[in-house]
> 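What follows is a single structure, and I will ask about it in a moment.
A note on names: the letters A, B, ... follow the listed sequences, proteins ahead of strands, and every chain is numbered from 1.
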Amino acid sequence: MINYIIRRLLNLIPIILGVAMVFFLIFNVIGGQEKYLYNLLPAKSRTAEQIDFYRSKYGLDRPFFVQYFDLVKQMVTFDFGKSETRKLPVSTLIKRHVPNSAKLTFPAFFFEIVISLTLASLAAYYRGSWLDRSLTVISVIGMSIPMLVLIMLGQQFLAYRLGLFPISGWVRGIGAVRYLVLPWILWCLVSIGYDIRFFRTTLLEEAHKDYVRTAKAKGLGSRTIMVRHILRNGMIPILTYVVMEIPFLLTGALLLERFFSIPGIGDLMVNSIASYDYPVLKATILVYTLFFVGFMLITDILYALVDPRVRLS
Amino acid sequence: MADTAAGAPLLDVRGLKTYFHTEEGLVRAVDDVSFSVSSSEVLGLVGESGCGKSVTAFSILDLIPVPPGRIEGGEILFRGKDLLKTESHERRRISGNHISMIFQEPMTALNPVMMVGSQITEVLKLHTLLDSHDRWEKAIEMIAKVGISEPRKTAKSYPHELSGGMRQRIMIAMALVCDPDILIADEPTTALDVTIQAQILELIKAMQRETSAAVILITHDLAVIAETVNRVIVMYAGKIVESGDVKTIFTEPKHPYTQGLLKSIPVLGEPGKLLESIKGRVPNLIDLPPGCHFANRCPFARERCFEEHPRLVEVDSDEHEVRCNLYYD
Amino acid sequence: MSTTIATQVSGAGTVSEKKPNKYVGKSPLQLSILRLRRNRLAMVSFWILMVYVVISIAGNFNVFGLRTAAMEFSLDNRYVAPFQTWQHIFGTDNFGRDVFARVIMGTRVSLFLGAAAGLLMVPLAIAIGSLSGYYGGFVDDIMMYVMSVVVAIPALLIIMSLVQIMGRTFFIIALAFAVTGWVGLARVIRGSFMQAREYEYVLAARCLGAGDARIIFKHIMPNLFHFVIVRFVLNYVGVIKSEVLLAYLGLSVIGVPSWGNMIDESKLELMANNWQNMIAATLFMFVFLVALNIFGDSLRDALDPKLKNVINRVEN
């Protein structure tokens, strides 16, 4: 187990190098730098000397491979220097914003998976009932409304018009829950359509497998078959799917953070893109990548717990 | 548990009709099938794939997927009680307990994420009052009985860790753990290697002798039938075409289909002789023609065979029945 | 005597084929189309999609002066309420532009974007997936490495960065969606190729002297048609929804109305009860996406009833 984790962490090295290469291609090669330097400086100090000064400050005048290794070094040491717009060390900014994003996404993600798995199991169990049919309709509707619209409507009606929730805001500590409830709800609404549909199909597919027929021949009741046999086997594809969803956490978090003024990392990233604050942008992308890869590792371990055919070696 | 009222068969299937409503049309997978099984009898159900033999077995244990399948008529009397009219929770008390089943694919028929021992105790939990420790011991005893060495270790393994033959042994242990009256074996050896096949058949026979359960053996392999069963039912396109004592069927087959089947078995010691085969293929079960279903492949087909569906009639003795126009007017 | 009759009958085809069965003698693709056409919901969706295609093509030309109405400012006519005049059936926006005309024009952007992104993504995925799966070994290792890197960075980040740096043009946006969207399809194709490589029919083709290219394109690719077409449809849904997100971040196509741009513009209008932009764009998009989702599902079921969950969620 420990060995496995260590080996997986070693596997991260080429991935990080690859991610650095993608960055490098986008920001240093495709021509981000001129635009970057241009946009970085306020209009009145945009002189040739100033641009040259910043070019050498960020090492953009050096050969490409040196620039690449600089980038790798920054990523490994997590030292991206100072944010140009906020005048703070990048690491401080990241440390400040990451916990807020976690407060938003983790509970929302967890609730949403639990709710949709429950509903999907019910739909699969009572296949063809009114519950199943209405959940199917809800799924299709949910999949066809863009998230932005849901958030705008939710904020407009539930918060602004009906006053059920604060419109936006943030405090440190536990009091933030007050501001998080509506984003959580909206998060669930956004994802539930996709998830119910996937989980239901998965469970129904499992229900047609041979071992279910064996279980029936043993005389087991359909509820026991659902819980003990189908759900347990279904966890394997469901787990894979849930991991695939993690990148979408970002999309959701980003919009919700912007709309509800939650000082999270998505908010930080959007601002850094808009203001050409590349040190911060690089750091946020790295954080997301690490977050994603770390989740993959956790999933692999979960796999081994769920599926006896998988060995961690 | 094997004794029933004298004369009454243990299981009596009467006029069973199991149809599938598919998008291409109505498939009469089992059409008006009647047979009976008495205690400690070994009955063989033979036919090509798709002739309805498995569907017959699934109908008995309520395993037909609904929809598209539906049992449209008939009775399945177990100890005189019609299973088709029994409440489902009561039927479940019979499945796995009084009537149990072994499936064709030991690879997929076991739950991949459960220890095989737990899959056996699950049956005991359902049908007996044993506590969890006794259930586990009983499961291990059963695993030992089906000829697996190291039963304790095996009980704690998962299906993927076992070979095909071992898995089929586990299936047999699971099916027999509650001492059933009837064991239905649906092509139990088809998916296995030839050497393992013989072992598994031997095991089924031995277990049958020991528990004196009735066995319904479903197979397309006539060699298996010849050495295992007492009585044979031959099915073709959802219908019984011939039934009788195993000796009679093998020595004096009456139906042209049975004759064809028997001619297509290779015989040891007759090298150089071309093996005969039945010409043509099984008709599409959708939109079957009005006449005999076998007529288009039958070497003796007459005009009448294409128009009139034959009845099942007795020939020679009262045990031997044939569905063919050749044997009545 | 009896034998002669039997041969006559088998000569005339088997008896069961007397009545022509429409499922007999069809290729798998023909059978799929047959199944699809029997699905009423799918056919309704299909015709809805066709209407959209016509609308988007119309949006390309200045039909009925649509383009003028959508683009020209008319500051005297700001925020005309919907259903007041025939001239502005959906009302007008902040700059007095006709909302109906804009939503029609927006259809064009969204549809073309989805199609362009898909048409760029599919060849990329096929090339990488088939090479990787067919040759295996070193080629496969490299491709797998590239895939794991691309997957490790959230797609949206790459899209945003690329569009920001390379410009908010139609082609760049489509390209950004393509370079991030190919991994899923490439993986499926790679897996199928690895399996197909071992199949007897492929071995048989090779024994008969077929070259690699012939085996890849003639023997294996046609069997992967399902995955490609279904993935294309779902990718379409993803692109259209993501365009809204890009618009919100100020990164959608510049200078022309799109559904995303309209929704984005409406975010400040809602407080003042000006709903026309929001409702028009959302409604047009909603109907289109529902039809596309239903059609995609039915297509998947019709093409391969066994293929259920291979296709996962695409994008928000």
> More than 12 heavy atoms of other residues, nucleotides or ligands under 6.0 Å from CZ of A:Phe110: is that the case?
no
> Pick one of side chain, backbone, both or neither for B:Met171, based on which atoms fall under 4.5 Å of a heavy atom in chain A.
side chain
> In terms of heavy-atom contacts, does CG of B:Leu129 have more than 12 from other residues, nucleotides or ligands at under 6.0 Å?
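Atom CG in B:Leu129 is not packed in, count stays at 12 or less.
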> Mind checking the OG-NZ spacing from B:Ser95 to A:Lys218? Nearest 0.5 Å is all I need.
12.5 Å
> Given heavy-atom pairs under 4.5 angstrom as the criterion, report whether the side chain, backbone, both or neither of A:Val306 touches chain B.
backbone
> Determine which residues belonging to residues 111-124 of chain B lie within contact range of chain A, meaning some heavy atom pair is under 4.5 Å apart, and list them by number or answer 'none'.
B:Asn111, B:Pro112, B:Val113, B:Met114, B:Gln119, B:Glu122, B:Val123
> Looking only at heavy atoms, what is the nearest atom pair of B:Leu61 and A:Ala217, with distance?
CD1-CB, 4.3 Å
> For B:Thr108 and A:Asp210, indicate whether the former's side chain and the latter's backbone hold a donor-acceptor pair under 3.5 Å.
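Checked: no pair found.
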> Side chain, backbone, both or neither: which part of A:Lys209 has a non-hydrogen atom closer than 4.5 Å to chain B?
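When you check distances to chain B, no heavy atom of A:Lys209 falls under 4.5 Å.
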> With rounding to the nearest 0.5 angstrom, report the CZ to CD distance, A:Arg213 to B:Glu105.
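A:Arg213 CZ to B:Glu105 CD: 9.5 Å, rounded to 0.5 Å.
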> Evaluate the side-chain proximity of A:Pro308 to B:His160: yes if any heavy-atom separation is below 4.5 Å, no if none is.
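In short, these two side chains touch, coming nearer than 4.5 Å.
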> Which residues, numbered in order, of residues 224-231 of chain A come under 4.5 angstrom of chain B by heavy-atom distance?
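Within residues 224-231 of chain A, near chain B: A:Arg228, A:His229.
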> Find the one option among B:His89, B:Met101, B:Met174 whose heavy-atom pairs under 4.5 Å with chain A are most numerous.
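Looking at each of B:His89, B:Met101, B:Met174 in turn, B:Met174 comes out on top.
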> Counting heavy atoms not belonging to A:Ile298, are there more than 12 under 6.0 Å from its CD1?
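Atom CD1 in A:Ile298 is crowded, with more than 12 foreign heavy atoms closer than 6.0 Å.
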> Can you tell me which portion of A:Ile236 sits under 4.5 Å from chain B's heavy atoms? Options are side chain, backbone, both or neither.
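A:Ile236 touches chain B through side-chain heavy atoms alone.
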> So for atom CD, which belongs to B:Glu87, do other residues, nucleotides or ligands contribute more than 12 heavy atoms lying within a distance under 6.0 Å?
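Count not over threshold, so no.
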> Where does B:His127 contact chain A at under 4.5 Å (heavy atoms): side chain, backbone, both or neither?
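Just the side chain, heavy atoms under 4.5 Å.
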